[in-house]
Number of protein chains: 2
Amino acid sequence: MPTSTRFAVATHILTALAVTEGKPLRSEDLATSVNTGAVVIRGLLSRLAEAGLTRSQLGSGGGALLAKAPNEIRLLDVYRAVEDTELFTVHRQPPCAECPVGANILAAINPVLTRAQTAMEAELGRTTIAEIAARVNAAAHV
Amino acid sequence: MPTSTRFAVATHILTALAVTEGKPLRSEDLATSVNTGAVVIRGLLSRLAEAGLTRSQLGSGGGALLAKAPNEIRLLDVYRAVEDTELFTVHRQPPCAECPVGANILAAINPVLTRAQTAMEAELGRTTIAEIAARVNAAAHV
DNA sequence: TTTGTGTGTCGATATCACTATTACACACAT
DNA sequence: ATGTGTGTAATAGTGATATCGACACACAAA
C-alpha cells in the first residue's frame, strides 16, 4: 500500500525553497530539479499553499516562496498537505455481512491500523524541512 | 495510487481460520466471507503458506489451516508476508543529478522514511491474530 | 497603460499496480 | 478409480497517478 510520489516530491520542493533562502523559484525551475513536468509542481504548490506552507509571487521575477520558517514545517505537515488516501486500505467491497468474521473483522482491525498510522505520523512530526535542508547543504558542500 | 487490500484480506483469512479452530476452510468458503473470488484467496494463501503461517489440506474435506498458533502470528508477520511494495515511494524518475538539491534529497529523507516505517511496523508487531479473533468472537457472540 | 512573465487550472493521454474471472493441470482422500 | 480442492497461468477490467499541451488570469516593470 504505497504512498504516492507526492510526498517525496513535495519535500523536495520545500527543501529547494529552504536552501535558496527567500529567492523565488519558478515552477519550471523546480520541475527541472525534480525531473518532471511543471504542471505536477504547480499542482503540489497549490496544495502546499492551501496548507499555508508556501505562497506564490506572481509576475516577472516571481515564483514560489516559503510561507513559514523551515524549522516550523514538519514533514508531517507536508504529508498531510499532499497525501489524501488512507495509509491502510481495507476491503474494496465490504465483506459478507452474514458471516461472523466478515461482519466484525473491520471493526476488529481498525484500532490497530489507526495506532500504526499514528505511530508513523508521530515519527514524521519529529523532523522539519530545516533539518532536511541542512543535510542537503552538508552533502552538497563537499 | 491503487493501494492494496491484501493486508486486510489476509488478516481476514487468518482470523477466520483462528475462529473456526482447526476445521479446514476451502478457498471458496473464505472467498464468500471476504466477498471476492477464490483465486484472490488462493494467491494470498500461497504467500501465507510460504511465510509459514498457513498450510493446505488437499483432497475432499480439505482446505486451509493455520500452521502456527494464533497468538504466535503477529500482524507484522502478515504484513510482511503479503505486502511487497515499500511504504513510501520516492521519485518515479530520479531527480536532476546536477542540482544540489536533486542530487542529495533522496539520501537526506531516506533515514526519516525508514524510521517512520519502522515505527509503523513496531506497532503492528504488538498485535496477534489471537487478539483479533477474540475481538471478533466477542462481537459476534452478542 | 502596455507588455511580458509566471501562475493556476482544465482536459486528454499514458502508465502502472491491483483486482476479478476463466481455465486447467496436479495432488490427495475416500 | 473417482471426486474434490489446490495452485498457477493468462486475460481483461478498474482506479489512481503521472504526463503533456493549452489557455485565461494576475501581477510587475517600463
Side-chain angles (χ1 to χ4, degrees), chain A residues 1-10 12-13 17 23-32 34-51 53-67 82-96, chain B residues 1-10 12-13 17 23-32 34-51 53-65 67 82-95:
Chain A
M1 65 201 85
T3 63
S4 67
T5 65
R6 287 202 293 267
F7 176 53
V9 173
H12 185 147
I13 292 174
L17 294 178
K23 180 161 59 178
L25 291 180
R26 300 180 307 160
S27 55
E28 215 169 306
D29 302 328
L30 289 167
T32 301
V34 173
N35 192 18
T36 182
V39 176
V40 176
I41 304 296
R42 289 179 195 159
L44 290 172
L45 282 175
S46 182
R47 288 168 179 257
L48 293 173
E50 193 176 0
L53 304 183
T54 64
R55 60 191 180 85
S56 286
Q57 179 88 18
L58 290 189
S60 177
L65 294 165
L66 288 184
V82 301
E83 211 73 41
D84 39 25
T85 69
E86 288 296 315
L87 182 60
F88 293 99
T89 49
V90 291
H91 302 52
R92 185 167 294 187
Q93 289 166 344
C96 168
Chain B
M1 185 143 309
T3 49
S4 147
T5 64
R6 287 201 292 268
F7 176 54
V9 173
H12 185 147
I13 292 174
L17 294 178
K23 180 160 60 178
L25 290 180
R26 301 180 307 159
S27 55
E28 216 169 306
D29 302 328
L30 290 167
T32 301
V34 173
N35 192 17
T36 182
V39 176
V40 175
I41 304 296
R42 289 178 195 158
L44 290 173
L45 282 174
S46 182
R47 289 166 179 257
L48 293 172
E50 193 176 1
L53 305 182
T54 64
R55 60 190 180 83
S56 286
Q57 179 88 18
L58 290 189
S60 178
L65 294 164
V82 301
E83 211 72 42
D84 39 26
T85 69
E86 289 296 317
L87 181 60
F88 293 100
T89 50
V90 292
H91 301 52
R92 193 127 89 183
Q93 290 167 345

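Chain identifiers are assigned alphabetically (A, B, ...) following the order of the sequence lines, protein sequences preceding nucleic acid strands; residue numbering begins at 1 within each chain. A quick note: this is a predicted structure, and the numbers were derived from the prediction, not measured. Note: hydrogens, waters and symmetry copies are ignored here, and every other heavy atom, side chains too, is used.
Distance A/L48 CG to C/dT7 P: 14 Å, rounded to the nearest Å. Straight-line distance from the CG atom of A/L44 to the C1' atom of C/dT9: 14 Å, rounded to whole Å. Atom CG of B/D84 and atom P of C/dC16 are 17 Å apart (whole Å). Rounded to whole angstrom, the span from the CZ atom of A/R47 across to the P atom of C/dG8 amounts to 14 Å. In this entry the distance linking CD of A/E50 with P of C/dT7 reads 18 Å, nearest Å.
Taking each heavy atom of A/T54 and A/L45 in turn, the nearest pair found is OG1-O, 3.7 Å. Counting all heavy atoms, side chain and backbone alike, B/L17 lies closest to B/L65 at CD1-C, 4.1 Å. What you find for B/L44 and B/R6 is that their closest heavy atoms are CD2-CD, 3.7 Å.
With sequence neighbours left out, the side-chain hydrogen bond (donor to acceptor under 3.5 Å, both in side chains) criterion links A/N35 to no other residue. Every residue was checked against the salt bridge (charged side-chain N to carboxylate O under 4.0 Å, His left out) condition with B/R42, not counting sequence neighbours, and none meets it.
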Do nucleotides 5-10 of chain D as a string where each nucleotide becomes B, S or -: B if the base has a protein heavy atom under 4.0 Å, S if just the sugar-phosphate does, - if no protein is that close. SBBBB-
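When each of D/dT19, D/dA18, C/dT19 is scored by its nearest atom to the side-chain atoms of A/T36, the top-ranked nucleotide is D/dT19.
For C/dT19, the OP1/OP2 oxygens have a side-chain nitrogen or oxygen of B/R6 closer than 4.0 Å.
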